[in-house]
Every structure is written in structure tokens, then in C-alpha cells.
Amino acid sequence: MLEALKGIASGMKTTLSMLKEPRDTYPYPEKRRELAPRYRGKHMLAVDEDGHELCVGCGLCEAVCPAHAIRVVAAGAEGDRTVSWTERYAVDYEVDLIRCIFCGMCEEACPTNAVRLTPFNELAAYDRRDMIAKKDELLAPPVRR
Amino acid sequence: MKTLDRHYLLRHRDVPGIDTLQGYEADGGYSGLKKALAEFEPDAIVDLVKASGLRGRGGAGFPTGLKWSFLAKDGRPRALVVNADEGEPGTFKDRELIEHNPHQLIEGMLIASYATRSPESFIYIRGEFLHGHEVLQRAIAEATERGYLGDRVLGTDFSHHMYLYRGAGAYICGEESALLESLEGRRGNPRLKPPFPAVAGVYGLPTVVNNVETIANLPPLILNGAEWHRQWGTEKSPGLKVMSVSGHVTRPGNYEVPLDATLRELVEMAGGVRTGHQVKAVIPGGSSMPLLPAGQLDTPIDYESLVQAGSMLGSGGCIVMDDSTCIVAAVARVVRFYRDESCGKCTPCREGTYWMTDVLDRLEGGQGELGDLDTLLDVADNINGKAFCPLGDASVGFMVSAIRNFRDEFVEHITGRTCPLGARLYDTVNY
Amino acid sequence: MVVDAAATVGIDIPVYCYHQALGPLGACRICLVEIEKMPKLMTACTTAATDGMVVHTQSQAAEKGRRGILEFLLINHPLDCPICDKGGECFLQDYVFQYGAGQARFEEAKIQRHKEYPVSPYILVDQERCVLCQRCVRFMGEYVGEEELLMDGRGVHTVITNVPGIPLTSPFSGNVIDLCPVGALLSEPYHYRARPWNIEREDTYCSQCPVGCSSSVTGRDGQVVRLEGRPTPGQWGWLCDHGRFTYDFGAHPTRLTEARLDGEPVTVGRAAQVLGQRLAAVVREHGPDAVAVLTGGSHTVEDHYALRRFADEVLGGSRAGLVKPVEADLPLALLGTFAELDQSDTVLLLGTDPYESAPVVHLALRENVRRRGLVVKALGDRHLLRDTLAGEEWVVEPGGMAAALAAATAGVSEHPDARLAAEGLAPADESLVRLGQALMEPGALTVLWDGREQDLAPALVALARARGEHPTRVLPTFGPRNWLAAARVGIPTDYETSRRILMDAADGRIQVLLLWGADPVRDFPDGDLAARALERCPEVYFGGVFPPDGAELLAGVLPTAAWAEEAGTYVNMEGRLQTGRGAASAPGQARPTRNILQAVARAYGTPLRKLDEWDPYEGTVDDRLVLPPLEGSVRPVSPPPAAESGFRLISGLEVALTHDPSEVAARTKEDRPARMHPADLADLGLLTGSGPVELSSGDRSFRVGVRGDPRIPRGRVFVPRGLRGVPINRLGGIAVAVRAVEEVASR
């Protein structure tokens, strides 16, 4: 009996001592974790000041992606309607955010600095298909509130 | 230097009216051809030329008789091509020979054709030599009328036809294989060797390509013999040479001198530099050749001595620069010439000259960096000996020798951010 | 050359301008090596390797030279690899990566030039990326002999371009895309389509003519997006543009992608089931002779094997035949090879212009003429030689080639067969004797023949026998692409068998006719008979890729997978088996023939077993069909038809027009397929040198666009065979009336 009480007391001691420690959990979403500035979250496709996409659809990100999460389909600009800053642009650009391991190799491989990983990490959806980020979605980078 | 009693190549200086057939014949013209046809077997002429030690006057200085004996002996008809595409900056000797003494060239060609058993010969004349072209046309017509050209020359079994072809203005067509391409009507790019022209030249025939001055040497050589020729110059470089002296001298022009004259003698013949100025540097053989600074003025102009001094005789275009010359501007100008005249066939010459021109323009404009000099030398090293034809090597010779001898002047341009002599390039715009 | 010698021992020396087919040039200087006892660095591509030569490819001097050249090549290069189609398969990238300096020193302005400049509907030039290796210029000018690309400008401003305002028209121009070592010459249809790491690139053989050029097919997202030449030992890997740019035929709008029964779309399984049950009922009632199979010779050997076993085992011995666009049968014993062509002393073009019927063979002939002085003779009903292929030619009356050949042989040879073949013919005149002498020259003779004139077969056999021990070989330039696959699996390939089948169908003796890729109304030389057969036969089923003429008469249609959609073996015109792999997926309901036939057989009640265990290569020698010995007697050649008044119709095969429907290749497709002498056109009032005409014979007529061609003799009109909408096989007879018609207002 005494042994048992002793055991409980020792256990409670550890527990109570932890109450003094700072908290590791956050009351999400009221309070959000402060992330490092180079935190790798959801991708974005950058646009220059004239509104031209930086992405030229070269497909290097697709080639380098270890998770095969990226799909790029390129095309030439028709007539004067240039989408990117050069003749070639990406018609389709998809990132499968379920497959993605956020390693940042795409960002590193990009020769035009078009693909960037934003610190946005609130990735959740009701449907798996919604987790495939399309090009227009990537062109409008999400802002973390 | 042994002084000349008379001119042998620039005969028109002594004999007025020699540019017509009458005038030429009156001065004993075509007697060399008559003697050759009457007294010599073709091979005997080749031996005579070999014995005389005559070397090609176009630039490389290859022994002429030896060149002739390399012709393929397989029964195909042969051809003689005379390279009158005198484009080397600073050289204008062939032009004077053609315009004022055309019959000596024609006579020499007939002798060379007889010696090489060529039924046909071609003169590829520089496109800009319009007057020379007209003179030659007239001279060939005169010679044909008199029976020196055509079937059965002077009643002998030797028949010969001569064709005159005007180039279209490319410097590279002075290179023999590019000349042959152009002569055949194609883009003037140098050909791959082998096969050498002696095996497959113009229209695939065994071909000798000789310079105008080389050929003009033949008539007096036939008349006077090998020993006469050997009395001038040195053992290895015998004979006479027409030197074109230009630049900062008071009497620029062509001077016929024995091959053991020194550069200083040449400059003095041309009246020396302007009063109050000193010779700064001399290019002895046209802009393709490295320069020699004033300290080396006592170098004789024979082939061997100039090579030993670090330059070459080349085509004999002696450019004299006095101390008012900005060497950087001169180099930039010369390299620009080679950029413009590169045919575009091979990478080092095509791209390297473009690169050097840009850097040199920047240097002359005071925008250079100290590292640029090493870059220039390394680029030059990557061109030198690696280009398809000699034009690549030619484009760097002057620049490398200039940086080597006048490095301080280059550094002054860089550190002073301007040209100390105030020289200006007339065109510094890249296009 | 040193570079070749190094390659044989596995040492890679980088090259741009050097190509073995084009010879040394020495322009790019990238192959600089150090050779002992030579004062300066030498180019490995222009220096002949000699005994005892010591070459250093990795010495300090050689590496510096190479690095310097690469630096030069890059100073005016735009470095736009991310948007370059060649990126990832570019020799400039590879060599700079392997040998180049890590850092650029060039800081000045780069020269700007044309980018994406179209020199033809298929080819773009990017002059900024060009390294001026001149491969393209030399290929077009020297190898092909059509100087359509040239170097413009001097020095650093030199660019590759076309003659201003004149796009490339040569059928070999596409090869410059393959030849270009960098991204300067680009394929317009492939522009920006894919990158080397997201494609499937498989070895295959071109599907458009019986030459069977080795090639690589590129597939992306299940579609074929490119075809490239693939060099193999002994072959340079050239393609003609007709083959190269027809790769997209599998995605053509007219492609069959759904099964149909009586015009109603059904699933392919349902169609197979109905067909199996119908066949079972017919065979039960009328016997196997009431069913016949005709193949069009476009499916693979494996498919033909399944087809033959289907006819033999399932149907119980029904007849099978081949529909081909020519009436003559090649004596298979004489079938030659390209290697034999390269060894031949004389080549005879017999009625065929290989430039039109088998373009890459034209290149092979030209190379042989240039390299070793091959002698070319031509016998035909029109001028067969051209500027780029010189020789001597004999132009005879239409239908008179066989008689001329037999007479020429008999005029020189005493051989009894030569005599027999020429029996009843007029003796050879002086000109034909000269032909006979040329053909009887000792040494090897190769005949290129397009299979017209049935009597040429005995005439060729007589010639071969008269030549005795000197080899005589025939290369058939007629299609269909894979007709020798039928020979491989034992389906009769002769004209008579298929004619009998069609006659029986036309006479109502056949209840079910199964056409497998066959389009008899369009292709069969007797088009009327084929049309009657389709009309009279109660049930005609069709399996294939494109609907045949008379599709409205079909009882059922089964879409099959096409070339590049499945691996399969083809047999080319030399009888060589070639296995190509698939790089795309069959669209819609299209299925491989084998699967469809299996399904039909199961519905029939007699499943085909162990189809996949058969090896097409089994029993072949050097991957080639085993040829039968040359036996049988020679029959006399009939005299040429008497000259008639009016125009005479002549024909031939032209792969430029008869290739599969393709949207890419349609860019340059000629819409005036017929040809006449310009003077004849002027006589017809067509002063512009072309226009629509009406050809008529008896009560038959059709309209066709015609253009001027001085190589067609006066009084003749040339119309290619097997062309959709140009039914010359239904005109009958060779005398036609030609009338210019007003252009129908359209377009």
C-alpha cells in the first residue's frame, strides 16, 4: 500500500514538475507557430513586374523531383501573346501536394527562379484531387494569416 | 647591302612606257620566254629555279622550284594560278607590278607554265584592283595578239591560255585554298589539306599557286641565270625583294632591295620618320606579323634573320610607327580587321577575333581591367596554332608582340582610364 | 581518321563538324589532340591515323585547346538551354559539362541573330545556338545534292539560312534536325513539346514504305510526338520527310477508334463476338471456302501469323491473300539486300524512281555513285533519272518495259531462257542492245523494280539466268510496307490468289470476306473487280487503322492498334525482319490484332492457343527470310500494247502522296498529284503549269489536280497509284482523254 502511494507520488512529481515547463503546443488556429523565413511549404510560381511568368516550362523541376510530384507541359507562345518572359511557357503546371516531400529540389533546379517554396503550410482538403495544385493556384501564392 | 644598278622588278621606274607591249619588247621583254622555249626543257627551268634559291614572295617563303616539283605526276593536265589577291594591310607591291609592268608578270607566267607543263593559267586579282584588272586585260589581249598566248606559243608546241578572274573582296581569298574555292565560284573558305593544291587544286587539277612577285622574278632569272640571282641577299634567302614601306615615313612607297638590307636602311630609303619623332616600332611583313621595337631596327630583312628576331618577312609590307602611335589603338585596329575578314569557318578565328576586338576596344576606351591583358594573351594562345588556316595565327601575332613589348602602355590605358596619346578609334560600336 | 580509330578502342573524342557520311571538314576544331612529332595540336577528324602514331587526348595541351574552343563556342551562344528543345540531348551541353571551363570569362555583348526562323514548314533555325559545323549545309549540298541551305555572311556574322524566300523542299531536309549537334535546327512539330527526360524513346523502324528505315520513336503522354533517324551498323540513319513527319497518323481524325456493326457503334468485344458467331454459322453451313481473308500488308508479322492461323485452324482452311497496289509478282529468289546494293557494279531502275517510291534508297544510290562510281541505268515509261542521280536511261512506250527488257537481254545473250522470254518480240534495236550490254556486264547487278507489268517477272528471271554466275538481285520498291510479312507466315502474296478471291466474292461464292488492313477498292490494280466484290459479298468485315474505300458496304469494323502502339515485327523490302517497340497507347477501342482475333476465335468456339510462343525470327538466316531457289520455266513476254491515240496513262508509286493520313505531314502535301509535260499542259490551256483536269476512259472519269513535270514524256499523264480519291485503277486501259476543267470554287 505504502509502496503504491510512493509510486504514485513519484509519478505525480514528474507530472507536476512539468507544469512549470513552457508549453510545446499551440492553441491552433487562434495562435500560430512562428516559422523560419526559409521554411519550405507550398509552392508558388513567380511573376515579374510586367506580369510575365518566370516559368518557361523547361521541366527541370519535373526531372529533379524525387517524388514525381510535378508535371509540366510546355508550349510556344502564339503570336504576340507572351505568357512568360520568353517564347516558351508552361501550359500546365501541377504539383501533387500529397506526393510532395517539400525537399526544395525543384526550387534549387529552377533556372529562372520561378518555382519557390512559400512558408505556407496549411495544406488540407476534403478531396484528394484538391491536393493537386494547378497552375493558376500556384500563380496566386497563398498568404498565411 | 649591295646597291642596285637598276630595277629588275620595278623596271618601269627606269623605263617609261614599259606597261605596253611595245615598250616592254623594246626593253628586251619576252626574250626570257623566247630563251626558255628555245634553250630549256621544262625540267631544266625547274632545276634552274631550284638552283637560284628563289623563295615564294607571298608570305610563307617556300622555295619555288621545290613547290613546282611537288606537282602530281599522273598525267592529268596541270594549272598555274597566280595569286594577285594582295590584301595584306601594308602591302602594295603586287599592285605596282601589275599596274605598271604587267607584261613581266605575263612573261613570268608563261615561263612558269612552260616549266610546270600547264596548258592553262589563272590570275586571281583582288576585286578592288580595278585599274590593275583593266591593265592586265589589255596586256593579255596584246600578248595574245602577238602570239605569246594561245595555241602554239611563238610557233612552238607549247600552247597556253590565260584567264583573269576578279575576286569579290575577301581578304581570306589570298590564302591559296580559299582562293581556289573562290576561283571555282564558291564561298571563299579555305579548303582542307591534304589534298594539297599540288595534287588537287583548281577544278581538281594539280595546281601551282604563286605570288605575282615570285612570277615577276622569272624573266630576269632565266635571262641572267641562277648565279646572278644569288649575288644578292643571303645564302638561304637570295634575291631581290620589293618592300612596301608605309606608315610614319616621309616617302612611303615600294623599294626594290636585296634581301640582306636592314630595316633601318629601309626606313632611311623611305626618308626616315617625321622630324622630331622617333621610330617606335616596325612591322616588317604586313599586319599579320609581329612587330619589332625600335631597338631591333638593325635586323636584316632576310627570312631567317627576321624569324630569329621574332617576326617574319611575310609579304614585305613594312609598316613604320613613330612615337605618336598609340600601340593599343593600332592593335585594336588590326585585330578588328581580322575579325571582319575571318571567313567564319573555324571556331577559334571566328569567335576569338570577335572577343579580342571587343576587349581591345574597351581597353583603348579606358574601360579595361588589368586581368584583360592575361585574358587577351590566353585567348590569343587558344587561337594560335588551333585555327583552320593561317588567318587565325595572323590575327594574334601583332597583338601578342605588342603586349609583350609595350605592356606598360596597355597598363597605362587601364590605370589611367584613358588613352595617354589621345588616340581614338573611329568606330567603337559593336554590331 | 584518328577520331574513328579512337572510337574503335572506346576513346571518345568530341566532334561537331565531323560525320563519317559527310567526310572531314576541320571547322569546329573541338577534336584537337596532341600527336607526338607534330609541332602543334591536330584535329583528330582530319588527320589520318597511321601506324605507330602516338596520340594524346588527355594531355594538358589538348585539354587546354579543347577548353578554349568550347569557350569560343559559348561566347555568342545564348545559353537558353531551359527553353531549348535540344536541352538534355545536346552535344554542346554534354561537351561543356565534360570538358569545358566552369566559369565564363567573356563579358562583352553577344551578337543577336534570328531565333526560331522557319526555313521550311518543318524546320526552324536558331542562328544564335549554331556552332557552324556545316553538317546541314554539307548534307544538303553534297550528300543530297539539293543546295537549299547555305551559309550567309562572313566571319562572326556567318549564319545558316535558306535561300531568301525559298523554303526547303527536299524530302531529305528533315535529316538536318538529326544531324545538328546542338539546338540550332529544330523540328517545328516537336517544338516545345517534350524534354528528353519525360518521353519514351524506343527503337523502331519507319512504317511508311518498305525500306524500313531504322528510327527512334518518341512518345509522350501516350502519343507519338517525334520520329528520328537511328544510325545502325552499315546505315546512316537517314529518313525521308514523308516518313519522319507522318508519325502522328495514329492520332489522325479519320483513324478508326470504335468498333461498328452495320454502322452502329458497339464495343470491340461485342463486335468480335458477333463476327465469331457469324463465321461459325457460315462455315457450318457453306464450308470454309465461303470465307476468305485479305490482308493489306500493313500489320506486323505476329498479326499476320495470327491471321494465317485463324484462317487455317479456326475457319478450317479458308483462303487468304494479299492486296497490293501492283499486278506483278516478284520472284522471291531474286530478292536482294541493301548490302548487296552497296556492292553492286550496276543498278537498273526498272519503272521506278526511288526518289519518289523509296526515297532513302535514292540517297544510298547517290552515295554509291559518288563514293565508288556505281553505274546507274534506267528503263521506264517516263524519265527516271534526275539532277541528283546521273546515268543512262531508256524511255519506252507505256506497258513496254517487259518487252524492252526481254528484247534487250535476248539481243545480247544466247541463253535459251532469254530467247524464250523474247519469243515473238521484235529484235532489239541498237539502243536496246546497248541496254542489254550494260545489263550483261560482269559484276553484280541490282534491279529496283516497282512491280508494274506482270511480264517483267519472267523477263527478270530470264535476265538473271542469262547473267549466269554474276549475281542479279531485285529490290522491290512497291508496298505495302509489310507485304513480305505475309510471305513470312505463308499467306500467298501473288496477284492471282487475291484476284481469285475477289472474283469469287464478286460471283457470290463467298459469304464472309474479312479485310485486315486491306483496301482493295483503292489499292487493287483491278479496282472494278474489288468494288464488285465488296458490293456482292453479303458480309464484309474490316479490321484496320483507317477505313477503306467503300466503308459504307461493311458489315462490321474492328479498330486495330497501329505502328508504335505495340511492339511488333516488320519485314522490309530486303526481306529483313525488324522488331520495333511501342511508345504510345492505342486510342479509343483500338486493340492489337492478335487480341481481336483471339476474341473472335473464342466466340467461334475454337480458341487460338499459344499464339505468343511463336518467334518470327525462328528459321530465318541473318534475320532475313529464307529465299526459295530460282526455279520454274520462263514464259514468253507479250509484245507491248499498240500505240493508241490520245493521252496514255502511266502510273507509279509515290510515298510522298500515299503515306498514311497525317496532320503534320499535310503541311507540304501536294494537292496536284498527277503530272504531265508542261507543253501538254499548255496545249490544254493550263498556262499556269497546273490545274484540275478530268481524266476519262470510256464511261469512267474522275477529276484530279495536275502539275507540270518535264520528266513526263509528251502525250502521257502520270497518276500515282493507291491515292485516296484518285481511282486510276477503275479507269481500265491506258488510253485516256484529258480535259481541263474549271476550278470548282471552294476554299
Is it the backbone or the side chain of [X] that comes under 4.5 Å from a heavy atom of chain B, or both, or neither?
X	answer
C:Gln112	neither
C:Met151	both
C:Pro24	both

Is it true that [X] and [Y] have a side-chain N and a carboxylate O under 4.0 angstrom from each other?
X	Y	value
B:Arg191	B:Glu184	yes
B:Glu176	B:Lys193	yes
B:Asp85	B:Arg126	no

I need the residue from [options] with the largest number of non-hydrogen atom pairs under 4.5 Å to chain B.
options	value
C:Leu32, C:Leu41, C:Ile75	C:Ile75
C:Leu132, C:Thr46, C:Ile30	C:Leu132
C:Ala48, C:Gly153, C:Ala27, C:Cys17	C:Ala27
C:Leu73, C:Val131, C:Leu150, C:Asn76	C:Asn76

- Message: Between B:Tyr171 and B:Tyr338, is the ring-ring contact (aromatic ring centres under 6.0 Å, His included) condition met? List the steps.
- Response: CA-CA 9 Å; B:Tyr171 168 73; B:Tyr338 288 102; 5.7 Å; yes

Which atoms of [X] come close to chain C, meaning under 4.5 Å heavy atom to heavy atom: side chain ones, backbone ones, both, or neither?
X	result
B:Ala170	side chain
B:Asn384	neither
B:Arg362	side chain

- Message: At a heavy-atom distance under 4.5 Å, which candidate from B:Gly385, B:Pro348, B:Gly188 has the highest pair count against chain C?
- Response: B:Pro348

- Please state whether the rings of B:Tyr165 and B:Tyr124 are parallel, tilted or perpendicular, taking 30° and 60° as the class boundaries. parallel

- Message: Check the orientation of C:Tyr95 and C:Phe91. Use parallel for under 30°, tilted for 30 to 60°, and perpendicular for over 60°.
- Response: tilted

- Item | B:Tyr354 six-ring centre to B:Arg339 NZ/CZ under 6.0 Å and within 45° of normal | no

- Over-ring placement of C:Arg67 relative to C:Tyr99, 6.0 Å and 45° cut-offs: no

